[in-house]
Every structure is written in C-alpha cells, then in structure tokens.
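Naming: A, B, ... by sequence-line order, numbering from 1 per chain. These numbers come from the heavy atoms of this one structure, side chains and all, not from hydrogens, waters or symmetry mates.
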Amino acid sequence: MALDENIYKLRLEKLKQIEALGQRAYPTKYEFTHTIPSILAEYSQKSAEELDQSRVNVRIAGRIMAIRLMGKAGFAHLQQGGQKLQIYVKKDAVGEKGFELYKLLDLGDHVGVSGYLFRTRTGELSIHVEEITFLSKDLLPLPEKWHGLTDVELRYRQRYVDLVMNPEVREVFLKRSKLVQSMRRFLDAHGFIEVETPMMQQIAGGAVAKPFITHHNTLDMDLYLRIAPELYLKRLTVGGFDRVYEINRNFRNEGLGWRWNPEFTMLEFYQAYTDYRGIMDLTQQLIEQAAIDVIGGTKTKWGEHEIDWAGSNWRRMTMREAIIHYWPETAGPKPTMQDFNSQDSVKTMVSRFNTAHAHVAYDPNEPVGKTIAALFEAAAEEHLTQPTIIYEFPTAISPLSKQKADEPDWTERWEIYAGQMEIANGFSELNDPEDQRRRFEQQLKERERGDEEAHQMDEDYIRALSYGMPPAGGCGVGVDRLAMLLTDSHTIRDVILFPLLRPEKVASPEDVKE
RNA sequence: GGGCGCGUAGCUCAAUUGGCAGAGCAACUGACUCUUAAUCAGUAGGUUGAAGGUUCGAUUCCUUCCGCGCUCACCA
C-alpha cells in the first residue's frame, strides 16, 4: 500500500502554486450560507425560469468528486453530507486568478464557492460560480470514479476513503447512530439514568468469556478489560439507582467471525421491582421502537428474508419447546419434556440428534444444562430468522439468574434471536447473596474441570448483594448485531467503523515527501 | 488454531500450455466557455504481496512467510 510518490509531490507543487495565487493552503474557516443537502432539499423542484427570475445566491463548501475542464470553462461536482451538487466555473465569471485556481484543483480537494443557482442546458441544478476559495488539498488520489473502492481490506483499513466514496456505507453508520439515539431516548423516557462503570476491572465478571489483560504501572496491578458491565450495574441497584443503563464497549478475547469482533458495543439496563417477563416486554418494545426510528417502519430486509419487528410478529417459546419444535425429522421422533430431566435421556437425545445433523459434542462430565444449551443452538438457532424470545435457560449456564420457583434446574432467563443471531439476553437478577456464592462456587468447579471461561468468585459483589439488592430484571442488547439486522449488513465489520485487523506495513510520510 | 480461496499500475481488472506485463479510470502535456463515465491528440506510471526453489525462460509450477476473505471450532 505504498503511497503514490509522484502524485503526492505533484500536488504539493500545485499547493505552492495555489498559495502563489494568494490563497491560503490550509485556511482555518469558511463562512457558508447553505449546505449541499439543504440546497437540494430546497431548490430541487425549482424550474430554470424560477431560478432566473428570483436569483438565489449561495455560498457552500464541499469536496470535489468529479471535475471537467473545457478550455476557459469547466464543471465539477462537490460532495457534502453524502450528496453532490454541480458547479459551473467560467473564466468570465471568476476572473483570471479564479480560473487559474480552478485549473490547479484536483479530485478530492475541498473548496468553497459562492455564486447563484441555475439550471444547465440539460436541466441539472448547478451553481454559477463567481468566487472560488481553496480550503484543503487532497494529496493522495481517490479511488477510480465509477468502480470506487471495493477492496474489502482497504475499505476497513481506510474507512475514511470508504466513507468518501461509498454513500451506502455512510448510510449504515448514520443508521447505527440513530439506533443508539433511539435506545437512549427510549430508556430516558422510561425513567432510566445512563451511567458509566469500569472498563478496567480486577475481576472480569458478568459474562462467560476470556478477557484481555492489561497492566497499570503505578499500582503495579494487572487489570482485565471488561467482558460485561453487569456486576457493576447491579451494585448500582443496591445503591438505589432503580433504573440504570450503560451503552459501551465490551472486550472478549475470542475468535473473530461474521458475528464477532473482539470489542463490541452492548446496551445493558436494569430495572428494580420487575422480573424477567417485565424486562422481556420492555426490551421487545425498545427494539420495535428502534426499528421504527432507524428505518421508519418495522420491516427490514435480511438477505433473502424480510424481518418484521412489529410486536405482533414476535414469537416466544421455551428453550425446551424450541428443541422439540425444531427437532430434525431425520433424527426420529421428537423428544418430550421428560427427556430433559435426566442425564441419560439427554445423552440419548444428543446421540439421536448427531446421527441426523451437525455434531454436538457430548462430555459426560459437563453439567446436563450445558449440553442442553448446546443442543438448542445446534437445533434451533439457524431457524430463528424472525424475532423470537427463547426463555427458561438451564441454571448451569446462568450463574447470575434467578431459578424458576418450581424447577431449580431452570432459570428465569431469556434470549432474543433474529436473523440467526442472538441479539439480547435478559433475566430475573439473582439477588440472594448465599445463592450467588453457591453459584460462583459451582462455576469455580467448572474452572477446575478446565473451563477457563467459567465465572470467577467476586467477593465484593457478594458483599454488595448482602446489603440487599431489590428484586430486579436486567438485559443486555448487542448493539452491533442489531445494527447489522437493521442495515442488512451480513458481517459485523460493516457496522463497526474501524474493525480490528492485523497490522499493515505503512509507508511513512517521510518515504513520500523527500 | 484447522480447511478452502485470493493478492498484478493510485483504483477496477486482463495476460492462451510456462514465452516481450496490458486496458479503462486516475495522473501529466496540449486543444476546447453547458459538461456530467466530457471529448480529441500525446506522455508517464510495475521489485506481479515477500523470500527461496524448479526451468533456457515464472504473474503462471513448487516451498515458506506476510496480509485479506470465506468456513469450522470457542464465544455475544
């Protein structure tokens, strides 16, 4: 990815010539009367006659995305806010020096122009320029004009160029911004307060994942980048913040893939005096509202499918029901609810499933609940395109959730699936410190068994619960994944501005200049 | 980490069985005062991702490495 030295040097030379014309190479500001989107919005319907009769003077700034010179006149397209407007520059109108400047402009330069609106012979709304002001130089050539930038690696590494060249990429990130806005507005309106909790933690808790490790020099202390804010947010409910949320990054030191980036954004919120069902309803509303705010309706395209986020289209089923419902025909008769009750019958279910479908690993030493969850993912996840709430999760994989009163092996926990992805996870929060201690101890046994991701003991968290945490429900929503679903992006990298890539060999500017 | 695939000019892509490394756009010079993929004439631009090997000869075949993509495993 060497820079083009020749073009760089040539354009530096042009910059000197531009300065010689009395323009500043890097001026500090430009006063404008309109933006390109505002002109297009206001004057797109005006006819040539209307524009002639009452002259509209405008002063705008933009980046040159196309330029055509014809002797003593020329056209260019300026881009601003993802939209383009044509300018017409005539020597008679801008004068000798103005036209000299125009001839020194390159694709990608920023300029300001003032003049009046008119329509060209072909009817295109344009600015008849009377004055050009140079604003900033593009020393490196932009990608070719009609194929644009398609190389996926370059798009991620040089997102700035991607954003200049590809309006649909710009749209995706505008939608992502609307999504986050919508979630904040929704929660604020429901009486939640936004907080920020530590991203560097001494115990990486609140989820099951491998953390990144970092080090603080002065304290000479290893710290983990957080894998979830959960335990801190629940400490805040102990402290009397009955409704809190945080939208921020989590870091998990795991594999990458179309649904996984090592750092990802999660919304987590907790509400006192409600349970998993209350939170389930609230989350469903939040997502439906987000879809409306982002796309103006409830239906989104998802590859070959259409997802309808309207409340009436959501389905709810328990994990056990889902396994039964999506049991592959080739695996023989569907299991029954009783089959989930013993280790032997679960083992039989797994081996029957494996004859027909993807392989579910079976480890007789692991808790039955863990096996059932693996079976669910293998059997059901790929079928869950429309928004679906799967509820009642095994206690073994839910160390922070309250158990069902009548079935202690199962918890009041749910996850939302859509587009074959898990996008949210919520539950009735376990607030019994004695029970929480037992769950952590159970997790420690899993750790000893070799599961590095099992939850660690967190004494301070148990102490916090010992001061009394109100009954509460809580939820985490994967913001990146929701953004993917709402923008029909089939890789998480398309909704993260600067996704993690391996380092590249960068040509330093010194290599280029002299 | 495993498997499959890709890497050629600034960008988008060609190159027959292993036989002189090319085109379009971008760039440069010149002409052109309503063009829009502007047009016309000309010029320049390359360690074919890197290193090694086979060969008279390698963009092409082999090995290793680097980077990217897809996929599987672990995970949200």
(request) Output yes if the stacking criterion (under 5.5 Å between centres, under 30° between planes) is met for A:W260 over the base of B:rA76, else no. (result)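 No, the aromatic ring of A:W260 does not stack with the base.
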(message) Under a 4.0 Å threshold between the charged nitrogen and the carboxylate oxygen, would A:R155 count as salt-bridged to A:D494?
(response)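 Looking at A:R155 together with A:D494, the answer is yes, because their closest N to O distance falls below 4.0 Å.
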(message) Between A:K97 and A:E100, does any side-chain N to carboxylate O distance fall below 4.0 Å?
(response)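 Looking at A:E100 together with A:K97, the answer is no, because their closest N to O distance does not fall below 4.0 Å.
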Nearest whole angstrom, please: distance from the [atom2] of [N] to the [atom1] of [X].
{"X": "A:R11", "N": "B:rA27", "atom1": "CZ", "atom2": "P", "result": "6 Å"}
{"X": "A:L501", "N": "B:rC70", "atom1": "CG", "atom2": "P", "result": "11 Å"}
{"X": "A:K9", "N": "B:rG45", "atom1": "NZ", "atom2": "P", "result": "14 Å"}
{"X": "A:E377", "N": "B:rC75", "atom1": "CD", "atom2": "C1'", "result": "9 Å"}
{"X": "A:D151", "N": "B:rC13", "atom1": "CG", "atom2": "P", "result": "8 Å"}
{"X": "A:Q420", "N": "B:rC75", "atom1": "CD", "atom2": "P", "result": "19 Å"}

(request) For A:L69 and for A:K72, locate the closest nucleotide of RNA chain B by heavy-atom distance; then report the residue assigned to the nucleotide nearer the 5' terminus. (result)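 Between the two, 5'-proximity favours A:K72.
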(message) Heavy-atom nearest nucleotide on RNA chain B for A:Q86 versus A:G148: which residue maps closer to 5'?
(response)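 Nearest-nucleotide comparison on RNA chain B picks A:G148.
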(message) For A:R68 and A:Q86, which I'm curious about, is there any donor-acceptor pair between the side chains at under 3.5 Å?
(response)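 The answer is yes; a qualifying pair exists.
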Select base, sugar-phosphate, or nothing to describe what [X] touches, counting heavy atoms under 4.0 Å on all strands.
{"X": "A:L10", "answer": "sugar-phosphate"}
{"X": "A:D92", "answer": "base"}
{"X": "A:G255", "answer": "base"}
{"X": "A:D451", "answer": "nothing"}
{"X": "A:D480", "answer": "nothing"}
{"X": "A:F99", "answer": "nothing"}

(request) Give a yes or no on whether a donor-acceptor pair under 3.5 Å exists between the nucleobase atoms of B:rU35, that is its base, and the side chain of A:E124. (result)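 By the distance-only test, no, there is no pair.
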(message) Can you tell me whether the side chain of A:T120 and the base of B:rU35 have a donor-acceptor pair closer than 3.5 Å?
(response)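 Under the 3.5 Å cut-off, the side chain and the base do form a donor-acceptor pair.
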Within the structure, does a side-chain N or O atom of [X] lie under 4.0 Å from either OP1 or OP2 of [N]?
{"X": "A:R68", "N": "B:rU35", "value": "no"}
{"X": "A:R157", "N": "B:rC68", "value": "yes"}
{"X": "A:K14", "N": "B:rC28", "value": "yes"}

(message) Name the residue from A:R449, A:K347, A:K370 that meets the salt bridge (charged side-chain N to carboxylate O under 4.0 Å, His left out) definition with A:D363.
(response)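 Checked A:R449, A:K347, A:K370 against A:D363; only one passes salt bridge (charged side-chain N to carboxylate O under 4.0 Å, His left out): A:R449.
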(message) Can you list everything that forms a side-chain contact (heavy atoms from CB on, under 4.5 Å) with A:E196? Sequence neighbours excluded, please.
(response)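 Residues passing side-chain contact (heavy atoms from CB on, under 4.5 Å) with A:E196: A:E246, A:N248.
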